[in-house]
Amino acid sequence: MSTVASAVRPEDDKILGPLLECDRALLAVGKKIRVLKAIDWPASMEAPFLASWEKGNPVLPQPPVRHPDLSSEAATLKAIMDKIDRAHPIGNWLFKTAWSYRTAAQMLMNIGTERFTQCSTALYGRPDATYRSQTANAVDAAKDLLAISDDLIHREEIPRVAADIPAEEFARRLRERLGPFFDKDKVDVVLDPDLPSKATAGSKSINLRSTALFSALDLEQLTEHEAFVHTATSLNGKHQPYFKSLGLGAPRTTRTQEGLATFSEIITGAIDLNRLRRIALRVVAVKNALDGADFIEVFRGFLEAGQTPTESYQSAARIFRGGDPKGRICFTKDGAYLEGVMIIYVFIRKVLQAGHAEMLPMLFAGRVTTSDVITLSPYLHDGLIARAVYVPPWARNPQRILSLMAFFTAAQRFRLDTFDLNRFVEFEDERIDESLHTLWQ
């Protein structure tokens, strides 16, 4: 492993010099492979489908099929991979990032085919895959979460947060949150009438669909999820002194990044039960789509689970982006969110348990995976990797995280299925009767 003395520039180091060249080449080509932009469905498709559903004669959506020619980019990425020294930890990280983009290029050139799904599952996984280190898979966890939430409160009784804030007003409130946090960069809030999702995040802006209505809870969720994680990690990567590709949203980082963003919502109380259920429902829906369910069947599944027709359409559309609305060929990214948040939860517990609290901010140093945190953390000491400029408030204090994790771990010892409301009355009466017997005889 090469280390860099203060008198030697990394560019001149015999090992690091070539790795920096590969990093620059990877940065240039990675920017050209934009997965979501290539597969997003036009917003204009929503109204016709919902109208056909209302009439009782739903028609499968027919999204435009695009096959971008990324063969040149794929060849460039292959050349980068061939040059990289994988024996060096930084080299291995660069190799995996290049592989990630090459696989994404192959996926986009095969939109609507089985090859698309093969590449998607290579990048984002399958919700029914169980790895050697796991005792359950993501779809099992999703079904458990849905069952637990049903046990806590009937789905029809889950209160809905009113979405009554116009996009312009919501954008103003969001800008007030972003300004003090991003004090070294300008991050704007942009309104876009054609945005398929309600919100997306980049390093320069948070984008909102201008025709959407937002809730007060949306403000908390978007701040923690999109701004304080996705935008922050992208900017932190761009602020890196040497390896700028840490600012790229490489597809291989999706599981960790979405898991981290969702964990951020949970740890700050910015999530509600409806959103948590929505994440779990999407995992189940990805599995159903892979098994052959078509768009209408997946849409109906969301509807029967309590989502509105509009929410159900948008959830189903996410899964069939780049795929085939007839089923089996789909985009599996939504299956990675729940697995990602579970991995982040366990990773943070292990990092703190092992006495490596300094690794926690490394999760935000760029678009990284949990594996990257372990691999790249040693290079914080010699300055090859810089510490994160922007770290959410919750991640700056490990004691806060430890206290919450300790409490919820201990609380799991109490089984809800052994209690009903009358048990609380009986419990107090038992204590009083016992004291009467032991203290006042």
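Atoms considered below: every heavy atom in the structure, side chains included; atoms not considered: hydrogens, waters and symmetry mates.
- Of the listed residues (Leu19, Asp23, Asp85, Thr375), just one forms a side-chain contact (heavy atoms from CB on, under 4.5 Å) with Ile90, and that residue is Leu19.
- Listed by chain and number, the residues in a side chain to side chain donor-acceptor pair (under 3.5 Å) with Lys204 amount to none (sequence neighbours excluded).
- Checked by atom type and distance alone, the side chain of Asn137 never pairs as donor or acceptor with a backbone atom of Ala129 at under 3.5 Å.
- Thr121 and Thr332 share no donor-acceptor pair across their side chains, judged by distance under 3.5 Å alone.
- Rounding to the nearest 0.5 Å places OG1 of Thr200 at 7.5 Å from CD1 of Ile206.
- Between Arg328 and Thr117, the shortest heavy-atom contact is O-OG1, 3.8 Å.
- Under the 3.5 Å distance criterion, the side-chain polar atoms of Asp69 are matched with a main-chain donor or acceptor of Ser71.
- The ring-ring contact (aromatic ring centres under 6.0 Å, His included) test applied to Phe320 returns Phe295, not counting sequence neighbours.
- At a threshold of 4.5 Å between non-hydrogen side-chain atoms, the residues Leu174 and Phe214 do not count as touching.
- Note: Cys22 SG to Leu16 CG = 11.5 Å, rounded to the nearest 0.5 Å.
- A side-chain donor-acceptor contact under 3.5 Å links Thr103 to the backbone of Trp99.
- Once rounded to the nearest 0.5 Å, the distance linking OG of Ser197 with CG of Leu208 reads 11.5 Å.
- For the pair Thr97 (side chain) and Trp93 (backbone), a donor-acceptor distance under 3.5 Å is present.
- Contact detail for Thr113 and Asn110: the closest heavy-atom pair is OG1-O, 2.7 Å.
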Check the pair Ser149, Arg277 against side chain to side chain donor-acceptor pair (under 3.5 Å), reporting the backbone distance first and the verdict last.
-> CA-CA 8 Å; Ser149 69; Arg277 284 180 59 86; 2.6 Å; yes

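- Considering only residues two or more places apart in sequence or on other chains, Phe116 meets the ring-ring contact (aromatic ring centres under 6.0 Å, His included) condition with none of them.
- Using the six-membered ring where Trp is involved, Phe331 and Tyr124 have ring planes that are perpendicular, over 60° apart on the 30 and 60° scheme.
- By the 6.0 Å contact criterion, CZ on Arg34 is open, its count of non-hydrogen atoms from other residues, nucleotides or ligands being 12 or less.
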Steps toward side chain to side chain contact (heavy atoms under 4.5 Å, CB included) verdict (Val189, Phe170) | CA-CA 10 Å; Val189 180; Phe170 188 83; over 6 Å; no

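- A donor-acceptor pair is defined here as one N or O able to donate and one able to accept, closer than 3.5 Å; no such pair exists between the side chain of Thr253 and the backbone of Val368.
- You'll find the side chain of Ile33 reaches within 4.5 Å of the side chain of Leu108, heavy atoms only.
- Taking all atoms of both residues into account, the shortest heavy-atom contact from Val190 to Ser205 is CG2-CB, 3.8 Å.
- By the 6.0 Å contact criterion, CD on Glu114 is open, its count of non-hydrogen atoms from other residues, nucleotides or ligands being 12 or less.
- In summary, Arg126 and Asp128 engage in a salt bridge, as defined by a charged side-chain N under 4.0 Å from a carboxylate O.
- Contact record, Gln240 with Ala386: OE1-N, 2.8 Å, taken as the closest heavy-atom pair.
- In this structure, Asp272 and Arg275 have side chains that are in contact, with non-hydrogen atoms separated by less than 4.5 Å.
- Between Asp185 and Lys238 there is no salt bridge, since no side-chain N of the basic residue sits under 4.0 Å from a carboxylate O of the acidic one.
- Of the possible donor and acceptor atoms, none in the side chain of Arg367 sits under 3.5 Å from a partner among the backbone N and O of Leu248.
- In terms of heavy atoms, Ala74 sits closest to Ala105 at CB-CB, 4.4 Å.
- A distance of 12.0 Å separates CD1 in Ile266 from CD in Glu224, rounded to the nearest 0.5 Å.
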From CA spacing to verdict: salt bridge (charged side-chain N to carboxylate O under 4.0 Å, His left out), Arg173, Glu169 | CA-CA 6 Å; Arg173 297 185 191 181; Glu169 170 62 17; 2.9 Å; yes

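- The environment of NZ in Lys244 is crowded: more than 12 heavy-atom neighbours from other residues, nucleotides or ligands sit within 6.0 Å.
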Stepwise side chain to side chain contact (heavy atoms under 4.5 Å, CB included) check, Glu46 with Gln314 = CA-CA 8 Å; Glu46 181 180 317; Gln314 292 169 356; 3.3 Å; yes

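- Residues Val229 and Phe263 form no side-chain contact, since every pair of their non-hydrogen atoms from C-beta on lies 4.5 Å or further apart.
- No more than 12 heavy atoms of other residues, nucleotides or ligands sit less than 6.0 Å from atom CD of Glu168.
- Tyr313 pairs with exactly one of Phe49, Phe302, Phe299 by the ring-ring contact (aromatic ring centres under 6.0 Å, His included) rule, that one being Phe49.
- Using a 4.5 Å heavy-atom cutoff, the side chains of Asp294 and Pro325 are not in contact.
- Side-chain contact between Met45 and Pro63: present, with at least one pair of heavy atoms (C-beta onward) separated by less than 4.5 Å.
- The one candidate from Val284, Ile279, Val283, Leu276 that meets the side-chain contact (heavy atoms from CB on, under 4.5 Å) condition with Leu145 is Leu276.
- In this structure the side chain of Leu363 reaches within 4.5 angstrom of the side chain of Ile344, judged on heavy atoms.
- Remark: the backbone N or O of Pro251 is paired with a side-chain donor or acceptor of Thr254 at under 3.5 angstrom.
- One N or O on the side chain of His67 and one on the backbone of Ile111 form a donor-acceptor pair closer than 3.5 Å.
- A salt bridge links Arg177 with Glu220; the closest basic N to acidic carboxylate O contact falls under 4.0 Å.
- Judged purely by atom type and a 3.5 angstrom limit, Arg252 has no side-chain atom pairing as donor or acceptor with the backbone of Leu123.
- With rounding to the nearest 0.5 Å, the separation of OG1 in Thr231 from CG in Leu222 is 10.0 Å.
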Might you work through the side chain to side chain contact (heavy atoms under 4.5 Å, CB included) test for His356 and Ser377, ending with a clear yes or no?
-> CA-CA 10 Å; His356 292 297; Ser377 285; over 6 Å; no

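- Checking each of Thr233, Val341, Thr370 against Thr256 for a side-chain contact (heavy atoms from CB on, under 4.5 Å) leaves exactly one that passes, namely Thr370.
- In this structure, the separation between NE2 on His225 and OG1 on Thr268 is 11.5 Å, given to the nearest 0.5 Å.
- The closest side-chain heavy-atom distance from His230 to Glu258 is below 4.5 Å.
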Please walk me through it: do Asp218 and Lys198 pass side chain to side chain contact (heavy atoms under 4.5 Å, CB included)?
-> CA-CA 10 Å; Asp218 286 335; Lys198 280 184 73 171; 3.2 Å; yes

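- Judged by distance alone, the side chain of Arg255 and the main-chain N or O of Gly335 form no donor-acceptor pair under 3.5 Å.
- Note on ring orientation: taking the six-membered ring where Trp is involved, the planes of Tyr390 and Phe181 are tilted (angle from 30° to 60°).
- Closest heavy-atom contact between Ile165 and Ser215: CD1-C, 3.7 Å.
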